[in-house]
There are 2 protein chains.
Amino acid sequence: MDKNAPPNSASTVADVAREAGVSKATAARVLGGYGTVSEKVRVAVMAAAEALDYRPNELARSMTTGRSGTIGVIVGDIENPFFSLAVRGITDVARQAGFTVVLVNSSEDARNEEAALRTLLAKRVDGLIVSPAKESETDHLRDAARSGRPLVLLDRGSETLGVDTVVANDRHAAESITRKLIARGHRHIAYLTACDTPDHHFRTPADIHTGSVRRRIEGFFSTCQEAGMTDVEHNIHVGAVTPERTRAIIMAMIEAPLRPTAIIASDSVIALEVFKLCREFAIRIPDDLSLVSFHDADWTSVTTPPVTVIRQPVYQLGETAARLLVRRMKGDVGPPTRTVLETELVERASVSMPDQSSEPPHRG
Amino acid sequence: MDKNAPPNSASTVADVAREAGVSKATAARVLGGYGTVSEKVRVAVMAAAEALDYRPNELARSMTTGRSGTIGVIVGDIENPFFSLAVRGITDVARQAGFTVVLVNSSEDARNEEAALRTLLAKRVDGLIVSPAKESETDHLRDAARSGRPLVLLDRGSETLGVDTVVANDRHAAESITRKLIARGHRHIAYLTACDTPDHHFRTPADIHTGSVRRRIEGFFSTCQEAGMTDVEHNIHVGAVTPERTRAIIMAMIEAPLRPTAIIASDSVIALEVFKLCREFAIRIPDDLSLVSFHDADWTSVTTPPVTVIRQPVYQLGETAARLLVRRMKGDVGPPTRTVLETELVERASVSMPDQSSEPPHRG
DNA sequence: AACGCTATTGAGACCGGTCTCTTTCTAAAT
DNA sequence: ATTTAGAAAGAGACCGGTCTCAATAGCGTT
């Protein structure tokens, strides 16, 4: 009679059990796919479930099992191609392992990150992948780790926090590109990042709380110094958080008495802004200004000239982090690991050749 | 004694109640922020919670309240800038309204989408935003709607399914760009999309199951026909799903006896591939070939020449869908709405000017 | 002093699953 | 035929919250 009409409210194991004429426990065994049941009963229960349009309540299941089948992911900004690609890597692995992803943008704000973490922990995610906004503020991460749920840090590590980390070899990448620029005669190289300091000025690498960027700046800084360059800290520009601020910084840089001959952009979004501005002001790349960018964004190969970039294995970064997390969630309790993925310098045409360099080597 | 040492397993309201010397119900009232409690008891309970490092279990809360505080989002591919921007719009609104987002990639596959939907429904998301891979296969969406949880369709609508939809005015956009190309003397215009048909050939718009693309093709098709063009269906190319396939299609197109003088790319990923190939084969844009793309991706303004695009309000698409969903989740039960957001033709320099056109008007 | 009203608290059912413990039943082993 | 292992099914506790309902307490009123 009521077999064809699904009830108003979702039906439960108890409903199915009643319909099939068995106990709740037995119905649960069939529906949950555990324990042992006779074939006859199995068929009856399945038929009842079908008739009642039964849909399991994953929430209730999670509460008893203690596992929710979800992993929480906190990134700075999903709109940034770097993160969207990394998240793709994460979701692919997660899906394959039977997990779904809960995504939160921190907008690179430590407070947002902390709130997000609390929410995700409250929702009982089985594991977490976080790209921490600030390495200096990691109390909330420590809490997460302490909660017993595995945590993997993505792109930005914290050496002090004993937790799994997957990063690129940022420092080495920065060193090699800086060396390359120096070899081509550049003596005034600017480094431009979205990371900010309280007074928007750079003094020492310790001011930079975003791990990946700090390591790059350390590499840049020391390579410059080894080459005998002075006042390197004045060539490191922070706070390129919006297109407007980025433009203002670049403008000031260009109009300064000692105008840089090369710019290293810390991400593709900034590089794009530099490129736009150069075009707008008819600054020729690489003749007037050389440009190098971190992250091999799709468009960098298609501009005139194509942009020399440091290719990071972004998808693999996400993939590796997720794989590591899955292993931890399965019970691997080894000591925390730090995975460093290699980068690759892709030389295109946005860096001036040695003979084109307007400055002779060793001038200043 | 055990006040400073948090217990091994997470503490619960019952633990806090015991610690504070009150009943479970009272502790729950304080912790859950409902009902009425005396100030004295409130303080005592909070102190106990603090001491025990109490963290609410959102899962348990969800089970009784029936609401999980999450919204499920299914998109084709988060890596595609279109979707990552739309998702950013969704997450921003969701966060503001107190919801977190569970994200799933369907890889534009209806079966994946169905599985994802089942999972999300089982996890008891409070609402859903889906960008359906196929408008023809919507049984699973109907199920979702029937489950009582609000559903909003993003970018791709289904007229038959009575459900809220947020789309761009794709048809009108396609018409206007096609008209513009025709006005500039183009008589052989190719349309290139990632959507595919079983035999990889296009016959009628009804073959295309992705709503937004079908509407664009309808606009393109009818505008071409109105201009007296024949065999328009042969100029619509489907199945540009990977860079390799895209290249093969473009190559065939270029080598055909009647080579198109203009290409409309259905998304920025395809446009980028066209651009790359043109550069590789020294095909000049716009002199040899005009290019127009849907979606104003960041890089399109920075190429040489910059690409003429149809700017879609992508962030707003996500934002609007999320706002609508939030309203529904709050109990709005009006009839299903269909929101159409306007697009804008951004003319840059990838379309040949009339006087540069190699073909005189009305030739064929 | 008796009464009524409200603020505060406690007891316990409930959400929808899982899972342990028992009991019953079947069939192989001695 | 009797013993016994193991399969199959049921009863009911439990997860960690919410929420209803009843009991108690405190206060103003007449």
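Because only heavy atoms are used, hydrogens play no part in the values below, and waters and symmetry mates are left out as well, while side chains stay in. Residue numbers begin at 1 in each chain, while the letters A, B, ... track the order of the sequences.
- In B/Arg338, the CZ atom is crowded: over 12 heavy atoms of neighbouring residues, nucleotides or ligands sit closer than 6.0 Å.
- Closest contact between the side chain of A/Tyr54 and the listed nucleotides C/dG16, C/dG17, C/dA11 involves C/dG17.
- Not one side-chain nitrogen or oxygen of A/Thr65 sits closer than 4.0 Å to the OP1 or OP2 atom of D/dC15.
- For B/Leu59 and C/dT18, the CG to C1' distance is 14 Å, given to the nearest whole Å.
- Of the candidate nucleotides D/dG17, D/dA9, C/dG17, C/dG17 has the atom lying nearest to any side-chain atom of A/Arg61.
- The distance from atom CG of A/Leu31 to atom P of C/dG17 is 8 Å, rounded to the nearest whole Å.
- Each of D/dA9, C/dC19, D/dC19 was ranked by its minimum atom distance to the side chain of B/Tyr34; first place goes to D/dC19.
- Spacing between atom NZ of A/Lys40 and atom P of C/dC25 amounts to 13 Å, rounded to whole angstrom units.
- A salt bridge does not link B/Arg55 with B/Glu50: every distance from a Lys NZ or Arg NE/NH1/NH2 to an Asp or Glu carboxylate oxygen is 4.0 Å or more.
- Phosphate proximity of C/dT8 to B/Thr36: present, with a side-chain N or O under 4.0 Å from OP1 or OP2.
- Ranked by how close their nearest DNA chain C nucleotide is to the 5' end, A/Asn57 and B/Val37 are led by B/Val37.
- Side-chain atoms of A/Thr64 lie closest to C/dT18 of the nucleotides C/dC15, C/dA11, C/dT18.
- Rounded to an integer number of Å, the gap from B/Arg42 CZ to C/dT9 C1' is 14 Å.
- Considering B/Thr70, B/Val125, B/Thr91 in turn, B/Thr70 is the only one that fulfils the side chain to side chain contact (heavy atoms under 4.5 Å, CB included) rule with B/Thr100.
- Contact of B/Arg29 with C/dG10 (side chain to base): a donor-acceptor pair of N or O atoms is detected under 3.5 Å.
- Here the side chains of B/Pro132 and B/Thr138 are not in contact, with every heavy-atom distance at 4.5 Å or above.
- The side chain of A/Ala25 has D/dG10 as its nearest neighbour among C/dG16, D/dG10, D/dT18.
- If you check distances only, the side chain of B/Lys24 never reaches the base of D/dG16 with a donor-acceptor pair under 3.5 Å.
- If you check C/dT8, C/dT18, C/dG17 against the side chain of A/Ala28, the one that comes closest is C/dT18.
- Proximity note for A/Met63 (side chain, C-beta onward) versus D/dG17, D/dC15, C/dG10: the nearest is D/dC15.
- Residue B/Thr12 places no side-chain N or O under 4.0 Å from the OP1 or OP2 atom of D/dG16.
- In this structure, B/Arg55 places its CZ atom 13 Å from P of D/dG17, rounding to the nearest Å.
- At whole-Å resolution of the value, CZ in B/Arg67 and C1' in D/dT18 are 14 Å apart.
- In the set C/dG10, D/dG16, D/dA9, the nucleotide with an atom closest to the side chain of A/Thr26 is D/dA9.
- In this structure, B/Met46 places its CE atom where only 12 or fewer heavy-atom neighbours from other residues, nucleotides or ligands lie under 6.0 Å away.
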